[in-house]
Amino acid sequence: MVADAETELLALSNQAGQAQWTAATYITQDTEAISAALTEKAIQAGVKYAKLAAQYDGVAVPPDVARKLTLLKNGLVVAAPSDPKLSAEITKITSGMEAHYGKAKYCPTPTTCQDIGQVSKTIAESRDPAKLLETWKGWHDTAQPIRADYLKYVTLANQGARELGFKDSGAMWRSKYDMTPDAFAKEVDRLWEQVKPLYVSLHAYTRNRLRAKYGDQVVTPAGPIPAHLLGNMWAQSWDNLYPMLAPPGADPGYDLSQILSSRKTTAEQMTRMGESMYLSLGFSPLPQTFWERSMLTKPRDREVVCHASAWDVDNVEDLRVKMCIEPTGEDFYTIYHELGHNYYQRAYNRQPYLFRDSANDGFHEAIGDTVQLSMTPEYLMKMGLISKIPPESADIGLLMKRALEKVAFLPFGLMIDQWRWKVFSGEVKPELMNSAWWDLRQKYQGVGAPLARSEADFDPGAKYHVPASVPYTRYFLANLLQFQFHRALAEKAGCKQPLHRCSVYGNKEAGKAFEAMLAQGASRPWPETLKLLTGKSEIDATAVVDYFAPLKKWLDEQNAGKPVGW
Ligand code: X8Z
Ligand code: ZN
């Protein structure tokens, strides 16, 4: 049975992959329909084998077979109900919602429509609160039409998950972590408590600076920060605010966006630099087909899903990146993130099909980000991007920039699925979906809606991963794991400096250890795979806390006597 499953699922995954690639890089009614049909076939086979695998519960089998049976039972992200009509309906809805997101535009006037790239640029660069607000609202309003579809999707996905024995679709998502769904939810809470003080310090400092800039009318001294002011459409990372928040006298003195755009660095050049980082660690060059088949820039003549992603279309060597690269620091980092996925996919491609996946989904998201932590000034200098290394006195600035990206992200990485888990379980009722979203935004992020929202709005739908049905807790885990991985690699490379100054660029020892972990794929429970590289089998938030300890101290000094929390 397991052998049949591997053969059949591989073939169907390849077909669905080709159709999904086409649909995401050329949105039309036809590509959407073909993608929905082939995805449906793959999901139906996944459901069939999940049910067959469940029949072996309690039967003694060799350990690798047992692991494959587990992966068959909990491997789906969307489980279609067995009723053929409902199965067709849910795949149509999911393909349609992703296409809707891909095509979405904010049109201040009928002839001046702006896509996600353009509205993101405004939110990143403008410091005019009225313009920010208008743009924020314009983009969020584009999600209103998918609210009804989303509700239907929730019902159908739950029905599919229940047929497989899960309480609901959220419980199915939480079942993929080598522990019970409840234990995983507790684990996530535990990790959040560990990093929360660091986030709260950063939040208080940021709020103060924003208040100084925009005034008490816009930013209250002790309340949540309005979501449109943080330099990112979803307030998920705040590094675009760095120029406003830079610690006086500790600025590293370079701006990657400025350097890349003034040199007119092309998307391919940026990607080649990313590849060269992986090569320096001992990984092999990307296949020629990567360069032929990837979509690295936004085509002018058709609609595409610009949200960056990495693909392995044949589950062996057909690696691709889909991205609308602009010469900005943010996109430069994102390419390294995407290539991390591709190098992981290739490292596990000799595993049996069911093990060709990450140890858990947080690992997949953490690989490229780990490499990003090696993009130190010293590295940028070696790449010829900057001409002098900032002095030690600029460390707080460097840490601040990183924290605005990676610490600010933590509660966002957590809250999206806190919301979805509650929507799937029914704890959040359909008529309160949007207000529950804002309750969680406030609870975890200390971020508030910048203007009154109602249940006609569907603000979660304005974030790619919700219409595209991509679980999000993975990014929260990744933002912890990457610091653990970086610490382990830096140790292997013999780096004696503070971790934020360690780069493993060019270090084959570190690269070998990294690749050994990646090559395990999903063949072992993730704690074992984690231990292989780090010597520890638990996710450990002290890695991120230690990394930013000097910044935390500095932030707390700045926050002294001012309100902290919300
Ligand atoms: O979606 C992504 C990647 C593709 S896996 C670009 N990320 C999350 C996001 O953009 O919301 C990376 C960081 C978080
Ligand atoms: Zn990713």
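Each ligand, and each atom within it, is numbered from 1 in the order the structure gives.
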Next on the checklist: If you count every heavy atom of other residues, nucleotides or ligands that lies below 6.0 Å from Lys298 atom NZ, does the total exceed 12?
Outcome noted: yes

Checklist entry - Strictly by modelled atom types, are Thr529 and Gln520 linked by a side-chain donor-acceptor pair under 3.5 Å? => result yes

Checklist outcome for this item: Closest to the Zn ion (ligand 2), among the N/O/S atoms of Glu365, is atom OE1

Next on the checklist: Hydrogens and angles aside, do Gln372 and Lys406 bring a side-chain donor and acceptor to less than 3.5 Å of each other?
Outcome noted: yes

Checklist outcome for this item: One finds that the ligand 1 atoms under 4.0 Å from a non-hydrogen atom of Lys463 are 9 (C), 10 (O), 11 (O)

Next on the checklist: List ligand 1 atoms under 4.0 Å from His341, heavy atoms only on the residue side.
Outcome noted: 5 (S)

Next on the checklist: Taking the six-membered ring of Tyr26 as reference, does the cationic atom of Arg302 (NZ for Lys, CZ for Arg) lie under 6.0 Å from its centre and within 45° of its axis?
Outcome noted: yes

Next on the checklist: Quick check on contacts: which atoms of ligand 1 are under 4.0 angstrom from a heavy atom of Glu338?
Outcome noted: 3 (C), 4 (C), 6 (C)

Next on the checklist: For the aromatic rings, using the six-membered ring if either is Trp, is the centroid distance between Tyr472 and Phe476 under 6.0 Å?
Outcome noted: no

Checklist entry - Quick one: which ligand 1 atoms are inside 4.0 Å of a heavy atom on Ala308? => result 4 (C), 6 (C)

Checklist entry - Which atoms of ligand 1 are found less than 4.0 Å from any heavy atom of Glu365? => result 5 (S)

Next on the checklist: Tell me whether Arg453 forms a cation-pi arrangement with Trp438, defined as NZ or CZ under 6.0 Å from the six-membered ring centre and within 45 degrees of its axis.
Outcome noted: no

Checklist entry - Do any nitrogen or oxygen atoms of Tyr475 lie less than 3.5 angstrom from nitrogen or oxygen atoms of ligand 1? => result yes

Next on the checklist: Using a 4.0 Å cutoff against the non-hydrogen atoms of Gln236, which atoms of ligand 1 qualify?
Outcome noted: 9 (C), 10 (O), 11 (O)

Next on the checklist: So Phe514 and Tyr343, do their side chains get closer than 4.5 Å, heavy atoms only?
Outcome noted: no

Checklist entry - Think Arg320 forms a cation-pi with Trp21, using NZ or CZ under 6.0 Å from the six-ring centre and within 45 degrees of its axis? => result yes

Checklist entry - Do you see an N/O/S atom of Glu338, backbone or side chain, under 2.8 Å from the Zn ion (ligand 2)? => result no

Checklist outcome for this item: Within 4.0 Å of some non-hydrogen atom of Tyr472, the atoms of ligand 1 are 8 (C), 9 (C), 11 (O), 14 (C)

Checklist entry - So is there a nitrogen or oxygen of His337 less than 3.5 Å from a nitrogen or oxygen in ligand 1? => result no

Next on the checklist: Hydrogens and angles aside, do Gln20 and Thr39 bring a side-chain donor and acceptor to less than 3.5 Å of each other?
Outcome noted: yes

Checklist entry - Within the stated cut-off of 2.8 Å, is an N/O/S atom of His337 closer than that to the Zn ion (ligand 2)? => result yes

Checklist entry - Within the structure, does His307 bring an N/O atom to less than 3.5 angstrom of an N/O atom in ligand 1? => result yes

